[in-house]
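Quick note on labels: first sequence line is chain A, next is B, and so on, each numbered from 1.
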2 protein chains.
Amino acid sequence: MEKEKIECKNCCNCTSENCPHTNVDENTLYDLAELFKVFGDSTRIRIISALMDGEMCVYHLSERLSAGQSAISHQLRILRAAGLVRPRREGKEMYYSLDDEHVEEIYGAGLAHILHKGGFCE
Amino acid sequence: MEKEKIECKNCCNCTSENCPHTNVDENTLYDLAELFKVFGDSTRIRIISALMDGEMCVYHLSERLSAGQSAISHQLRILRAAGLVRPRREGKEMYYSLDDEHVEEIYGAGLAHILHKGGFCE
DNA sequence: CTAACACATGAATATATGTTCATATGTTAA
DNA sequence: TTAACATATGAACATATATTCATGTGTTAG
């Protein structure tokens with residue numbers, strides 16, 4: 001089965017054969033796995049879910065998730081390193097928010113799969 | 001910051017307040033993390049990437065990924081359990097293919113994030 | 001039926017990872 | 001400056017997970 005040149009449906013609309021969307025090298029696949037690994041933890045996905053309601057400080061996150069402050073901080077560090085959340089200091093507190101729209105897109109795509117398998121829609 | 005009723009942009013177009021897309025409970029978040037965990041492994045994401053070119057049998061997968069047959073089989077089992085790939089027997093061989101369009105959507109959403117951070121586009 | 005092949009699976013091992021505890025850093029109020 | 005607070009971080013420990021090896025199951029050719 002031959003791979004045909006298709007229109008890229010992701011972040012760009014290019015039809016170039018060299019578009020990294022269609023020609024994914026091993027390093028990119030590794031990075032991709034690393035990205036999904038970040039989404040693949042209960043605590044982190046709950047943080048992401050919470051931040052969809054708006055920015056929140058560490059204390060409130062740990063309160064909402066009933067988790068230790070240290071655990072939340074550690075996970076926020078990982079989320080930050082992956083470019084998924086962004087901190088903003090205000091006095092003593094550190095407010096975190098989702099970094100860009102991709103986070104919600106990935107989350108939404110995963111959720112659609114779960115709900116589809118669950119038979120909710122489609 | 002109040003959560004306002006928004007139009008669901010995922011698998012359905014409902015505006016119901018009870019739509020699981022907007023009211024995600026803890027169990028669903030747990031399932032979501034489990035799903036991303038499946039994407040969050042180099043071998044599995046490489047299998048998914050390979051299957052985007054079309055169905056493939058276990059032997060050819062292990063050949064293409066330079067991995068052991070057993071390792072591939074173990075990972076295929078996990079992908080199957082998550083509803084991401086589907087097997088089809090043909091004689092002695094077992095051909096695997098991506099289960100539905102969500103797999104490519106999740107993959108694409110993640111890839112868009114990687115490439116965006118890498119500065120390729122947007 | 002039997003041998004050969006393709007794939008699946010269980011056990012074992014090594015590695016990765018999340019949480020906790022203790023402590024460090026940074027900020028503000030007094 | 002000092003005390004109190006919010007967050008970050010390092011070390012240690014427990015758990016989860018991916019691969020390998022050995023073997024089991026299923027299919028086909030002879």
Side-chain angles (χ1 to χ4, degrees), chain A residues 26 29-51 54-99, chain B residues 26 29-51 54-99:
Chain A
E26 290 294 312
L29 284 178
Y30 181 81
D31 292 342
L32 195 50
E34 290 301 305
L35 173 65
F36 285 125
K37 205 173 287 184
V38 176
F39 281 85
D41 173 77
S42 294
T43 302
R44 289 191 293 262
I45 205 81
R46 287 169 76 215
I47 291 174
I48 290 171
S49 177
L51 294 183
E55 67 173 9
M56 209 172 299
C57 71
V58 178
Y59 178 75
H60 285 146
L61 274 172
S62 84
E63 197 177 40
R64 171 155 167 178
L65 306 197
S66 308
Q69 172 268 318
S70 180
I72 297 292
S73 257
H74 278 295
Q75 299 310 328
L76 282 170
R77 180 174 149 76
I78 292 170
L79 288 164
R80 207 162 3 110
L84 303 181
V85 303
R86 186 174 26 195
R88 178 180 70 84
R89 181 176 281 286
E90 187 176 313
K92 283 182 285 193
E93 280 135 24
M94 210 63 130
Y95 284 88
Y96 280 87
S97 56
L98 298 182
D99 190 283
Chain B
E26 290 293 312
L29 284 178
Y30 180 81
D31 292 343
L32 195 50
E34 290 301 305
L35 173 66
F36 285 125
K37 203 173 289 185
V38 175
F39 281 85
D41 174 77
S42 293
T43 303
R44 287 191 296 264
I45 205 80
R46 287 170 76 215
I47 290 174
I48 290 171
S49 177
L51 294 183
E55 67 172 9
M56 209 172 298
C57 71
V58 178
Y59 178 74
H60 284 145
L61 274 171
S62 85
E63 197 177 39
R64 172 154 166 178
L65 306 197
S66 308
Q69 173 266 317
S70 181
I72 298 292
S73 258
H74 277 295
Q75 299 311 328
L76 282 171
R77 180 175 149 77
I78 292 170
L79 288 165
R80 209 162 2 112
L84 303 181
V85 303
R86 186 174 27 194
R88 177 180 71 83
R89 181 177 279 288
E90 188 176 313
K92 283 182 286 191
E93 279 135 25
M94 208 65 128
Y95 284 88
Y96 279 87
S97 56
L98 299 182
D99 190 283

Quick check on side chain to side chain contact (heavy atoms under 4.5 Å, CB included): which of B:Arg64, B:Met94, B:Glu93, B:Glu63 does B:Met56 satisfy it with? B:Arg64
Does A:Tyr95 reach a base, just sugar-phosphate, or nothing at all? Heavy atoms under 4.0 Å. nothing
Which part of the nucleic acid, if any, lies within contact of B:Gln69, taking any heavy atom under 4.0 Å across all strands shown: a base, the sugar-phosphate backbone alone, or nothing? base
Does OP1 or OP2 of [N] have a side-chain N or O of [X] closer than 4.0 Å?
| X | N | result |
| --- | --- | --- |
| B:Tyr96 | C:dA6 | no |
| B:Tyr59 | C:dA8 | no |
| B:Thr43 | D:dT19 | yes |
| A:Arg77 | D:dT9 | yes |
| B:Arg44 | D:dA18 | yes |
| A:Gln75 | C:dT17 | no |

If you find the nucleotide of DNA chain C closest to B:Ser70 and the one closest to A:Ser70, which residue's nucleotide is nearer the 5' end? B:Ser70
Tell me which of A:Gly68 and A:Lys37 sits closer to the 5' end of DNA chain C, going by the nucleotide each one is nearest to. A:Lys37
So if I take every side-chain heavy atom of [X] and compare against [options], which nucleotide ends up nearest?
| X | options | result |
| --- | --- | --- |
| B:Arg80 | D:dT9, C:dG26, C:dA8 | C:dA8 |
| B:Ser73 | C:dT9, D:dT27, D:dA8 | C:dT9 |
| B:Ile78 | C:dC7, D:dA18, C:dG18 | D:dA18 |
| B:Met94 | D:dA18, D:dA8, C:dC7 | C:dC7 |

To the nearest angstrom, the CD1-P distance between B:Ile72 and C:dC7 comes to 11 Å
Rounded to the Å, how far apart are A:Arg88 CZ and D:dT7 P? 12 Å
Any donor-acceptor N/O pair, A:Arg86 side chain to A:Asp99 backbone, under 3.5 Å: yes
On a heavy-atom basis, which atom in B:Pro87 and which in B:Tyr96 lie closest, and how many Å separate them? CB-CE2, 3.6 Å
Determine whether any donor atom in the side chain of A:His74 lies under 3.5 Å from an acceptor atom in the base of C:dT20, or the reverse, and answer yes or no. yes
